[in-house]
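What follows is a single structure, written as structure tokens, with notes after it.
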Amino acid sequence: MNLLQLLRRYLAIFVVALAVTAVLTACKSVTTNDTVDYKGSGAVRGPNLAYPPDLITAQADRRYIVQDGTATMSEYNAAVKKSVQMRSNVMTGIPGMRIARDGERRWLVVDKPATELYPQVKDFWQENGFLLVVDSPSTGIMETDWAENRAKIPQDWLRSALNSVLDSISDTGERDKYKTRLEATKPTETEIYITQKGALEKCVSDTTGNCLYTIWTPRPNDPELEAVFLARLMERLGMTQEQAKAMVAAPLGPKTPKAVYVQDGNNQGHIELSTGFDRSWRDVGLALDRSNFTVEDRNRANGVYFVRYVNAKDVGDSKGFFSNLFSSKDDSNLKAKKYQVLVKSTGENSASIYVQDADGKPENTPAGQQLLNLLTDQLSK
């Protein structure tokens with residue numbers, strides 16, 4: 001047998017194998033029409049594909065960070081599978097679930113204490129293919145790692161076949177992460193907020209249009225992705241899929257009046273809201289979740305959020321910054337600063353928002369004004 005015949009034989013074997021794989025994969029792909037699928041996504045495909053853009057946000061408490069090398073992905077998947085099997089026969093629905101809304105914002109209200117709901121919400125994110133980088137029962141906050149929505153990749157038979165052989169061939173160039181906050185409004189009632197952040201990979205080109213390198217940049221918040229996971233969480237807590245989707249899909253209500261930034265003089269300023277303390281506290285929490293703030297603690301009785309913030313200008317060259325993120329989890333160079341965000345009731349239907357330094361004194365610096373402007377922008381959406 002000469003060399004040409006040998007090459008033809010191996011080529012034929014490869015084509016047959018590819019065709020069989022394509023048929024099997026195609027059969028699998030036509031059985032699902034889900035538009036959101038993070039299982040097997042970017043957070044799983046690579047060990048350090050962890051932190052696209054908003055890591056101009058300071059990392060959360062290191063106690064809640066999943067460190068490299070502590071467990072293999074197979075061990076993690078096995079643990080999640082075992083956990084699901086253990087719960088499958090004891091799941092009970094939770095009565096008293098409803099969706100509350102304000103403009104484009106939705107959140108879940110459940111007639112259960114936050115301490116009972118927190119473990120179930122944590123399991124929910126793991127079952128949907130996410131790793132948690134923040135897991136803080138004491139503050140009621142959890143945050144997922146960055147992940148890729150694989151459902152956005154067109155699943156024609158050839159692409160599906162190639163992906164089954166080499167999963168990294170296709171990439172959407174987008175990543176998402178989700179922050180969940182449980183707020184105990186009453187001893188037996190909990191509000192659950194889900195906020196999404198997106199990242200988009202963009203090409204930096206030279207004057208001739210050639211791509212020199214790519215960088216991760218923030219992309220706008222997607223309320224519909226938040227709604228998808230609210231509906232899924234309601235299913236996880238015992239509601240039927242039809243009920244959950246119908247409740248989330250109900251028309252959105254009118255938006256509350258916009259926030260107003262007020263300059264007091266001497267570089268002092270604050271935000272005025274035409275809503276009472278309860279709603280203002282909730283809205284400020286959502287605004288912090290959607291901005292580059294990390295909530296370390298909160299004291300609702302005193303109306304204080306204890307936060308950290310990293311200014312992108314303090315980081316320097318963005319290309320080097322993002323490169324460092326992918327190669328190291330050391331965030332000591334991010335220059336995170338601590339602040340207090342004060343929500344102060346000024347009437348039955350009004351409240352004021354102040355930014356203070358770590359010691360609770362007025363933050364009259366340009367940085368304080370910038371943070372107030374960021375919050376005003378989020379509160380006005």
Side-chain angles (χ1 to χ4, degrees), residues 91-125 134-143 178-195 223 226-227 229-240 243-244 246-248 250 252-257 259 273-290 293 295-307 340-353 375 378-379:
M91 278 287 295
T92 57
I94 294 179
M97 281 192 293
R98 61 184 175 87
I99 289 290
R101 44 178 48 83
D102 178 18
E104 66 177 19
R105 300 172 180 172
R106 303 176 180 89
W107 63 97
L108 181 60
V109 183
V110 185
D111 292 338
K112 283 284 184 179
T115 52
E116 294 184 25
L117 288 172
Y118 190 93
Q120 298 186 60
V121 178
K122 176 181 176 179
D123 290 341
F124 163 77
W125 285 114
V134 176
D135 178 7
S136 177
S138 62
T139 61
I141 295 174
M142 62 189 77
E143 186 172 346
Y178 296 86
K179 180 178 290 185
T180 308
R181 180 163 52 89
L182 280 69
E183 190 79 49
T185 55
K186 301 176 183 177
T188 58
E189 182 179 273
T190 304
E191 296 178 349
I192 303 177
Y193 303 91
I194 295 177
T195 52
E226 296 171 353
F229 279 102
L230 277 175
R232 287 189 178 184
L233 179 57
M234 295 172 76
E235 292 180 54
R236 174 62 174 76
L237 296 177
M239 186 172 284
T240 67
Q243 289 174 324
M247 195 171 292
V248 170
L252 295 173
K255 179 71 176 65
T256 54
L273 296 176
S274 56
T275 53
F277 176 82
D278 289 341
R279 175 166 288 186
S280 297
W281 174 263
R282 179 254 298 165
D283 287 347
V284 170
L286 284 173
L288 292 171
D289 289 346
R290 287 178 170 172
F293 292 90
V295 178
E296 293 188 320
D297 203 354
R298 56 191 171 174
N299 186 327
R300 183 186 176 96
N302 294 331
V304 179
Y305 285 96
F306 300 90
V307 303
Q340 295 183 21
V341 177
L342 175 65
V343 182
K344 184 177 180 181
S345 175
T346 56
E348 184 177 353
N349 294 307
S350 62
S352 296
I353 315 302
L375 288 175
Q378 286 293 336
L379 289 167

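Residue numbers run from 1 in the order of the sequence given.
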Can you find a pair of side-chain heavy atoms, one from [X] and one from [Y], that are under 4.5 Å apart?
X: R290; Y: R105; answer: yes
X: M142; Y: K179; answer: no
X: M97; Y: K112; answer: no
X: D102; Y: D283; answer: yes
X: R282; Y: E183; answer: no
X: T240; Y: M234; answer: no
X: V307; Y: E296; answer: no
X: Y193; Y: L286; answer: yes

Verdict with reasoning, T190 to T185, per side-chain contact (heavy atoms from CB on, under 4.5 Å)
CA-CA 6 Å; T190 304; T185 55; over 6 Å; no

Which heavy atom of [X] sits nearest a heavy atom of [Y], and at what distance?
X: A244; Y: A231; value: CB-O, 3.5 Å
X: A287; Y: L375; value: CB-CD2, 4.1 Å
X: S280; Y: A351; value: OG-CB, 3.4 Å
X: A100; Y: V109; value: CB-CG2, 4.1 Å
X: A227; Y: V248; value: CB-CG1, 3.5 Å
X: L182; Y: A114; value: CD2-O, 3.9 Å

Hey, does the side chain of [X] reach the backbone of [Y] with a donor-acceptor pair shorter than 3.5 angstrom?
X: N302; Y: V304; answer: no
X: R298; Y: T139; answer: yes
X: S345; Y: F277; answer: no
X: R181; Y: I194; answer: no

Interatomic spacing from [atom1] in [X] to [atom2] in [Y] - rounded to 0.5 Å:
X: L273; Y: K344; atom1: CG; atom2: NZ; result: 14.5 Å
X: L108; Y: L230; atom1: CG; atom2: CG; result: 6.5 Å
X: Q120; Y: W125; atom1: CD; atom2: CH2; result: 15.0 Å
X: F124; Y: R236; atom1: CZ; atom2: CZ; result: 9.0 Å
X: D289; Y: T180; atom1: CG; atom2: OG1; result: 9.0 Å

Does a side chain donor of either S274 or S350 reach within less than 3.5 Å of an acceptor in the other side chain?
no

Please test I353 against L342 for side-chain contact (heavy atoms from CB on, under 4.5 Å), starting from the C-alpha separation and ending with a verdict.
CA-CA 6 Å; I353 315 302; L342 175 65; over 6 Å; no

List in chain and number order the residues that pass ring pair (Phe, Tyr, Trp, His ring centres under 6.0 Å) with Y305, two or more places apart in sequence or in another chain; answer none if no residue qualifies.
W281

For the pair K186 and D111, evaluate salt bridge (Lys or Arg N to Asp or Glu O under 4.0 Å) and give the outcome as yes or no after the intermediate values.
CA-CA 9 Å; K186 301 176 183 177; D111 292 338; over 6 Å; no

Non-neighbouring partners of Q378 that pass side chain to side chain donor-acceptor pair (under 3.5 Å), sequence neighbours left out
none

Report the C-alpha separation of Y118 and D123 in whole Å, then their side-chain angles, then the decisive distance to 0.1 Å, and conclude whether the side chain to side chain donor-acceptor pair (under 3.5 Å) test is met.
CA-CA 9 Å; Y118 190 93; D123 290 341; over 6 Å; no

